[in-house]
Every structure is written in structure tokens, then in C-alpha cells.
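Down below is the structure, laid out as C-alpha cells.
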2 protein chains.
Amino acid sequence: MSFAKKISTRALYIQVRDHLAQQIARGVLKPGTPLPSELELADQLGVSLGTLRKGLEALENERLITRRQGSGTYVRDHAADMRFTFDNLRTKDGAAIPFTVEFVSAGSGPASAEEQERLQLEAPEAVARCLQVRHHEGPFLLEQISLAASRFAGFDCTKLTNPYRIAVLAQEHGVLVGTASESAEIARASREVAARLEVDPETPLLRLDRIIYSLGRVPLEWRVGYCRMNAVKYVTTLRN
Amino acid sequence: MSFAKKISTRALYIQVRDHLAQQIARGVLKPGTPLPSELELADQLGVSLGTLRKGLEALENERLITRRQGSGTYVRDHAADMRFTFDNLRTKDGAAIPFTVEFVSAGSGPASAEEQERLQLEAPEAVARCLQVRHHEGPFLLEQISLAASRFAGFDCTKLTNPYRIAVLAQEHGVLVGTASESAEIARASREVAARLEVDPETPLLRLDRIIYSLGRVPLEWRVGYCRMNAVKYVTTLRN
DNA sequence: GCGAATTTGTGCGTATGTATT
DNA sequence: TAATACATACGCACAAATTCG
């Protein structure tokens, strides 16, 4: 395998990055396992060590691999690593919330107009939906989720009978998760939401609206959550 | 000037980065102006081109410089660039809020116990305080600000008679701004806050609590804001 | 516990491509 | 068009951390 001969306008180290990212997505390189050594890889791919290393750097920034001096370069296991969850909610003292998830209901069908718009679907493709409640000393977060099923190769909507984690789902279906964008507003609890969260109607809640994108900026999941904030806060880090 | 001879355990490119960062902080390299070319700089500093470039890469990631192929490497002007504001509030349709600031009052004095704790001051050092209201079709955000004056070399608390921007202040006093961390909760408007924001008491508001740190992770500013969310939302991007 | 082998990190030098001025 | 600046790519040597016999 050699890139150098290919006619491509893209920089060689970008091609290296893309190639390895694809290998990871396809499961050729499995989570938790080491890549060949840099010298080996550079040789296999027919590029210089420096070029390979620049590609690996990019993959490291994208959280696809970790490198340990003296040990090796490893495919990151997003499924096992509990940090890959896009969850900004914390307890009042800033600790992670040890919540449990109550799975309320699931379903699937063609995307609604709003789902189609938010998930940037070109047609009313299949969408898996799910309603769940997070508990921690009582219910605190109700979530309604829409998953762009068509973007997870071979995904069976009917199998969605339990809470899932996007990192696990992505890893199982050859999808690389990138970033997410979330907006928060204050909303009053509707009668139904109030019941689920065991609060009075009219209680002010934090309404969270989040879209998770793939590394290629394709929307994967749309989620709207209603959160009672009595024991919880929303925490972010700003990096300019 | 040569680093190579120095006895330092730190990597050479880190020393290059730190040296240039210091030059920028001190104003030797001025915002908006170009650095010497890479070849020149490498020569001046007595390091190889590759080492210099690795240092520049780090500075670019820290938003201290921008590099343009064919043109040059420039010191970023955080004061002129309106993006460096750590502001996650947007209009409902996601646009920047064209607000104006009403400066209510200012003061200064030794840090309170809470300020000392939040700003990680070792003693009750001088703190500049300021109360202001942001307007956009009426008042929407009341902010009470505590600035760690001792961390801005030669800062005169009494000069604080107008709204300031942290980027400007930092640039004027040789401070490099790094990241910020912010937490949001829902709080009811006190009588005083309600008056300032022209809402009914008991109106649910978003309470924002933010600390801005220097590049060296030293707290610079602590700010608590109360925001009415009728025309505004809080937006973040999550990167894992 | 030590040392050898392995692997990534750092540093140098050079040549060429590409965008800007 | 020519000069200049950053970007890409190659190759080599050694340092530092880890692993394993």
C-alpha cells in the first residue's frame, strides 16, 4: 500500500490520516489494540516517518488514537471510556452525576419535517426514537431522542429496546463521532413533563437541545432534554 | 539568543513557545504585527526550522498567533478581534446579540472570603468590582464582576469607570488569556435583580457563574450573571 | 532489580510545493 | 514575473519512556 503514487491533490499526511481513520471506523483496527510501530507503518504505507507522524498527530487530536512513549499507539475505545458522553450536567459541587436511566419507550419511522431539518436528511429517512428519564435521587432529566438510523450502517431500529450510548452505537456501526452543539433555554414544564420529573407544572426547567455530529460533520443524533435543576448544574469550558 | 546551550530539562520547542509567548505578553511583539520569517527566527533563536515550527504550532493552538502561507506569521490581536469574549449567549436564532452595556457601578477593595477562594488569591489582595447590565431590546443580563487586580501588572482600580473587555485589559497589562469555565443554574430573581432586569420578582433566570483563567491557569476574573431568557439562549460546542 | 530491545518524542538538515505580495 | 513566506515531505540521529526476559 502506497499513497505516494496516487494522484491526489490532498496532502499526503491527510491521506494517511483518512486512511487510518477509515481502518478504525471499519474495525480493521480494533479499539484498545495497538497500531503497528511508526517505523513499520511508515514503511507499509510508503511514506516517511515524519509524514506518518503528522497524520497520527491529527488522529490524536480527533481522539481516535492515543500514543504512549515507549509503549505504542493505540486505537481509543470510546465505548469503554465513559468520558465520551457529551454530558455537561454535574452535581452542585461539580462531580459527575451517578445516574440511572429509565427507558420509557422507543419507536421508529420516517423522519418528521423537524427531524429531517435538524438531522439534515435529504428525505424522510428512517429515524429511531426513544424516550428516557435519568434518575439520581429522583428523576431529573427527561430526554426525547431522534437517531438518524440511515447513518449507522446496518442499524436495526427494532433492536432499540434499551438506553444506548452514542459511542457504543457508533463503534458498532463504523461511525466516527466528532463534536456536538447544544443550546440551553428555560422552559416551563408541560403537564406531561412535570409528571415524568415529579415536579409541579409550571416549574422552570432547563431545556437542552443537542445535535451530535460525526467527524465529517454529519448529524447523527438530535436530543431534547428537560432538566430540573434543583440538585444539578450545567458546566462548560470555554476555549475561545 | 540561543536556547540550545541552556541547561533546561524542558523540550526545546517548548522553550521557544514560552519565549515567544513572553515576548507577546510583554508587548515586544505587538498585536497585529508580523513575526520575523521562520528562517530568520530559527536563526535568531539558534534552533532548527522544524523545532521553531513546532513551537509556532503550539502558539497557534493557544490562539496567540496566526500563520498565513505566503504572507507571514502574525501576533493575534485579541482586543480588536471581537470573538475573544467567552460569551455563549445568542439570540434565539443563533446570531450574536448586538447588545449595549449599561455601566452601573464600580468599586475596589480587599478580596472577600468568597472572592479569595474563587480567584485563588493567597491573601485578601486588591480586587476591582463592577456591576453592569447588558441591553438588547431591554435589559437581559445583569453581571457582577470581580477582577483580580493583582494579576494585571500596574492596574489601577480607580480607572475602572467603564465596561471593559478582558481581552483589552489583558493585552494592556501583559497577561495572556487562556480558557474559562462556566456553570449555569436556574435561579429566581431577587427583588434587586428583578428591578434591574425589569421582570417580575420570582421570574426564573439563568444564573451564570464564570471564571476566566490565564494561559498559565491563573484565575483572572470571576463573574456572576443573571440572565432573562425570553429572547436569548445559551449555546455551546462540545468537543469531548 | 537490571539491562536490552522496542516504541514514541525531540531535534537537525534539506529540498520542493504553494500561496501571497 | 520574481521574490518571499509558510506548508509539505524526506531522511537521519539520539533521547526518554516502557516492556520484558
Side-chain angles (χ1 to χ4, degrees), chain A residues 1-21 23-24 29-30 32-76, chain B residues 1-21 23-24 29-30 32-76:
Chain A
M1 166 78 61
S2 169
F3 295 107
K5 297 161 197 168
K6 282 189 189 170
I7 307 154
S8 170
T9 175
R10 297 167 69 78
L12 201 47
Y13 76 90
I14 296 289
Q15 296 178 49
V16 168
R17 181 200 62 175
D18 291 346
H19 171 74
L20 292 173
Q23 299 273 303
I24 292 171
L29 297 168
K30 293 183 205 317
T33 66
L35 274 65
S37 81
E38 294 180 348
L39 280 162
E40 255 186 274
L41 249 184
D43 195 57
Q44 280 180 30
L45 302 179
V47 301
S48 76
L49 185 59
T51 299
L52 173 74
R53 282 181 60 77
K54 219 175 156 184
L56 292 179
E57 241 173 82
L59 291 169
E60 198 173 27
N61 290 333
E62 288 165 332
R63 315 289 199 263
L64 292 183
I65 61 172
T66 56
R67 307 155 88 188
R68 282 177 240 139
Q69 183 177 171
S71 176
T73 301
Y74 301 84
V75 180
R76 260 175 109 151
Chain B
M1 166 78 58
S2 168
F3 295 107
K5 297 160 195 168
K6 282 190 190 170
I7 307 154
S8 170
T9 175
R10 295 164 70 78
L12 201 47
Y13 75 91
I14 297 289
Q15 295 178 50
V16 168
R17 181 200 63 175
D18 291 347
H19 170 74
L20 291 173
Q23 299 273 304
I24 292 172
L29 298 168
K30 295 186 202 316
T33 67
L35 274 66
S37 80
E38 294 181 347
L39 279 161
E40 256 186 274
L41 248 184
D43 196 57
Q44 281 180 28
L45 301 179
V47 301
S48 76
L49 185 59
T51 298
L52 173 74
R53 281 181 59 78
K54 224 177 150 179
L56 291 179
E57 239 173 86
L59 290 169
E60 197 172 26
N61 290 333
E62 289 165 331
R63 316 289 199 263
L64 291 184
I65 60 172
T66 56
R67 306 154 90 188
R68 283 179 238 138
Q69 184 178 170
S71 175
T73 300
Y74 301 84
V75 180
R76 258 174 109 151

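A note on names: the letters A, B, ... follow the listed sequences, proteins ahead of strands, and every chain is numbered from 1.
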Checking dA9(D), dC6(D), dT8(C) against the side chain of Ser37(B) (C-beta onward), the nearest is dC6(D)
Taken to the nearest whole Å, CD1/Ile65(A) to P/dT7(C) is 15 Å
Does the side chain of Arg17(A) come within less than 4.5 Å of Arg10(A)'s, by heavy atoms?
-> yes
| field | Note, Leu45(A) side chain near His19(A) side chain (heavy atom, < 4.5 Å) | value | yes
To the nearest angstrom, the CG-P distance between Leu39(B) and dA3(D) comes to 16 Å
Just the table, please: protein N/O against nucleotides 15-21 of chain D N/O, every pair under 3.5 Å.
from    : atom 1 : to       : atom 2 : distance (Å)
dA16(D) : N3     : Gln69(A) : OE1    : 2.9

Hey, is the side chain of Thr73(B) poking within less than 4.0 Å of OP1 or OP2 on dC6(D), counting only N and O atoms? yes
Does the cation-pi check pass for Arg68(B) over Tyr74(B), that is, NZ or CZ under 6.0 Å from the six-membered ring centre and within 45° of its axis?
yes
query: Heavy atoms, side chains only, cut-off 4.5 Å: are Leu64(A) and Arg76(A) in contact?
result: no
note: Leu12(A), atom CG; dT16(C), atom P; distance rounded to Å ~ 17 Å
Contact check, residues 49-60 of chain A vs DNA chain D, heavy-atom distance under 4.0 Å, returns Thr51(A), Lys54(A)
Atom CG of Asp43(B) and atom P of dA5(D) are separated, to the nearest Å, by 13 Å
d(Thr9(A) OG1, Gln15(A) CD) to nearest 0.5 Å is 9.0 Å
Step-by-step side chain to side chain contact (heavy atoms under 4.5 Å, CB included) determination, Leu41(A) to Val16(A) = CA-CA 10 Å; Leu41(A) 249 184; Val16(A) 168; over 6 Å; no
Please tabulate, for the side chains in residues 49-59 of chain B, all donor-acceptor contacts under 3.5 angstrom to protein atoms that are two or more places apart in sequence or on a different chain.
from     : atom 1 : to       : atom 2 : distance (Å)
Thr51(B) : OG1    : Ser48(B) : OG     : 3.1
Arg53(B) : NH1    : Glu38(B) : OE1    : 3.1
Arg53(B) : NH1    : Glu38(B) : OE2    : 2.8

What one should report as the nearest heavy-atom pair of Thr33(B) and Lys30(B) is OG1-O, 2.5 Å
The side chain to side chain contact (heavy atoms under 4.5 Å, CB included) partners of Gln69(A) (sequence neighbours excluded) come to none
Q) Within the pair Arg67(A) and dG9(C), is there a side-chain N or O less than 4.0 Å away from OP1 or OP2? A) yes
Check nucleotides 1-4 of chain C against the protein and report each pair of N or O atoms closer than 3.5 Å, with its distance, or say if there are none.
none

Taken to the nearest whole Å, CG/Leu41(B) to P/dA5(D) is 11 Å
When rounded to whole Å, the CD to P distance for the pair Gln15(A) and dC10(D) reads 11 Å
Ranking dT8(C), dT10(C), dG11(D) by distance to the side chain of Glu38(A), first place goes to dT8(C)
Thr73(B) and Thr66(B): side chain to side chain contact (heavy atoms under 4.5 Å, CB included), yes or no, with the steps? CA-CA 6 Å; Thr73(B) 300; Thr66(B) 56; over 6 Å; no
Salt bridge (charged side-chain N to carboxylate O under 4.0 Å, His left out) filter on Glu40(B), not counting sequence neighbours, yields none
